Amino acid sequence: MSQLLRVQDLNAGYGAIHVLFDINLECDQGQAVAIVGPNGSGKTTFLNSIFRLADIFSGRVVLDGKEIQREKAHRITSYGIGYLRQEGNVFPGLTVEENLKMGAFNLPGKEVKERMDEVLSLIKPVEVFLRRTAGTLSGGEREMVALAAALMCRPKLLLLDEPTSGLSPIASAQIAELVKNLKDKTHLSMLVIEQNLKIMFDIVDKCYLLVSGRMIFSGQPEELQSDRELMRTYLGLS
Amino acid sequence: MASFIDALTYSALLGLMGFGLTLIRRTTGVWNVAHGEVVTIGAYVALTATSFLSHSPYFFLPLAFIVCAAVSGIIFLAGIEPIRAKGASSMLLLVVTIAISLITIAAINIYADYLQNVFHLASKNFLFARFDFTLWGQMGILWSAWAALGALTVSYYLMLQHTRLGLALRALAEQPALAIVMGANVKALSFLSWCLAGGAAGLAGCLFPMRFQCHPGVGTSMIATMFAVSIFGGIEKMYGPLFAGLVLGFAQIYGIDLISSWIGPGVIPFKDLIPMIVLLLTLQFLPEGLSGFVGRRRG
């Protein structure tokens, strides 16, 4: 598999606040990579820094051979990165269809309809509430819409920030199933943050453990699971 | 009848002014106190062009639109965006617009002095009523002001609802960070909003002296009323300022007539308090404004 994303010696944060220290990470094409760690360890900041929503102090972010760490935030999507944010991931006053169209903002106008059909074939439940205002949907439905909208830009890499956060067990299982299907059917590369480790270990090929802004482990999910010390100290599991 | 025509004309001009304020608030979250001065600049564009080129002020409406759009755009790029990019709060940006407003007032006064001293123009107090035409027994300003407000509201509504640019502007108003993630250039969209708002203020400023006396502080003296129009109309829909302008324009002109008939003519100088009372009542009982209330009832 060829390398899609390489993050090298990344230092990032917000203004004067330094959150991430010398982060290195690699993600191959078609690979799903998890970033796990305790609350406040900098997981979301890491995804934000790839998208330039956090400040990058030093280091490189290379996507498909192109350095993107100096690009403006609104240009990142056009390089093939979709981002499902944990909060504020739909436009509540717009219809679901408008949310999807907004997701395809960087595509040529004539491709939007075709892409919407493709995305709706991948995330079928969304088609039912296409005309509804996103603000009227349940948490699980919103998450599906947000996922569909993130796919509209034809991403090579999808960033998922706790896609099952705050959802009921049934809705969480539905979202997890959708993400798994997406990976199997489209071979899309993914960077996933997820608190529910059971769901995540089922999906990902590789894990990174982030603690206090530093990567302290990288390897197969099974390796992390078998390291009882790391699991107990940082993830609260024995 | 004259009061009725005054109220109708004033309502349309208030609507035009409130339109710009609402647009900026809706898309960039900034209460622009300097918007009043942009209206005044529109009036001075009309005065300058009419005096030197000897045409009707109507002829210079496009020029007023362009100049005021440019001024508003420059205010955004030079004054607002650099501070907003550093994460300034809405309150801080409001303070920035107050500073810009004060600077612009000084510039307008200097320009008015220049016109008066060098070219001997009556630039401190002017009225263009003599340039106006008559249509169906009424002054042209009545039709022009409503045509401008109607055209602006309809074209902006169509742009918002039926174009990708409009979709991006609506998305920007709801979730700016998500709009960026989806590829919208928030800075460019915000700049466009400020330009369109400035253009609308320019139209209002160019038309205002056709019926009402103008002076260097005219926009400044009306900014509180513009805020009342914007808040009473609500930022949910762009037709808000149109209805709010109508209600407040009539309330101000007829309300003061009514009150002065009860209390005496001494209250007439305080007519600007009527929109302020409406503003306070709106914030207490209808904080989402007219358009938000209508949206909630439908939704």
Side-chain angles (χ1 to χ4, degrees), chain A residues 14-17 47-48 50-55 71-95 97-110 112 132-136 142 145-146 149-155 158-159 161, chain B residues 22 25-29 81-89 92 157-192 234-240 288-289 291-299:
Chain A
Y14 301 98
I17 303 166
L47 295 191
N48 280 346
I50 290 176
F51 231 97
R52 295 303 315 277
L53 295 175
D55 302 319
E71 284 295 340
K72 289 191 164 63
H74 71 271
R75 300 264 305 136
I76 300 291
T77 304
S78 61
Y79 288 104
I81 305 183
Y83 187 8
L84 172 62
R85 300 169 76 227
Q86 187 184 352
E87 286 174 356
N89 52 23
V90 295
F91 301 104
L94 305 188
T95 65
E97 187 175 5
E98 286 172 333
N99 268 275
L100 298 192
K101 283 181 179 171
M102 195 56 213
F105 190 70
N106 272 337
L107 292 185
K110 58 184 184 223
V112 175
R132 280 175 62 187
T133 307
T136 65
R142 276 192 201 205
V145 171
L151 289 171
M152 284 296 292
C153 65
R154 295 188 195 281
L158 188 61
L159 313 183
D161 190 355
Chain B
T22 301
R25 170 71 183 150
R26 187 182 149 94
T27 52
T28 59
E81 181 56 21
I83 298 167
R84 194 172 70 142
K86 289 177 181 161
S89 65
L92 188 61
Y157 174 81
L158 292 175
M159 191 264 276
L160 276 183
Q161 296 298 328
H162 300 290
T163 68
R164 295 181 91 187
L165 180 64
L167 179 63
L169 281 170
R170 284 190 289 145
L172 170 66
E174 294 207 6
Q175 299 270 13
L178 184 58
I180 293 172
V181 163
M182 291 184 166
N185 185 342
V186 168
K187 185 176 170 184
L189 289 172
S190 302
F191 174 71
L192 177 70
I235 60 167
E236 290 286 318
K237 301 285 179 197
M238 287 312 297
Y239 59 71
E288 73 275 49
S291 60
F293 176 71
V294 172
R296 182 155 51 89
R297 288 287 294 265
R298 282 184 186 162

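Atoms considered below: every heavy atom in the structure, side chains included; atoms not considered: hydrogens, waters and symmetry mates. Quick caveat, the model's predicted, so the values are computed rather than measured. Throughout, protein chains are lettered first and strands after them, A, B, ... in sequence-line order, and every chain is numbered starting at 1.
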Can you name the nearest heavy-atom pair linking A:Lys101 to B:Leu167, along with the distance?
-> CB-CD2, 3.7 Å

Heavy-atom closest pair, residues B:Met182 and A:Thr77 = C-OG1, 3.9 Å

Under 6.0 Å from the OH atom of A:Tyr14, do we count more than 12 heavy atoms belonging to anything else shown?
-> yes

Under a 4.5 Å heavy-atom cutoff, which of B:Ala171, B:Gly87, B:Ala177 has the most pairs with chain A?
-> B:Ala171

Where B:Ala168 and A:Phe105 come nearest, the two heavy atoms and their spacing | CB-CE1, 3.5 Å

Do you know which of A:Met102, A:Lys72, A:Arg52 has the most heavy-atom pairs with chain B at a distance under 4.5 angstrom?
-> A:Met102

Heavy-atom distance under 4.5 Å to chain B: side chain of A:Tyr83, backbone, both or neither?
-> both

Looking only at heavy atoms, what is the nearest atom pair of B:Glu174 and A:Leu94, with distance?
-> OE2-N, 3.7 Å

Where do B:Leu178 and A:Arg85 come nearest, in terms of heavy atoms and distance?
-> N-NH1, 3.9 Å

Side chain, backbone, both or neither: which part of A:Val90 has a heavy atom under 4.5 Å from chain B?
-> backbone

Choice from A:Asn99, A:Thr133, A:Asn89, A:Ile76 maximising heavy atom contacts with chain B below 4.5 Å | A:Asn89

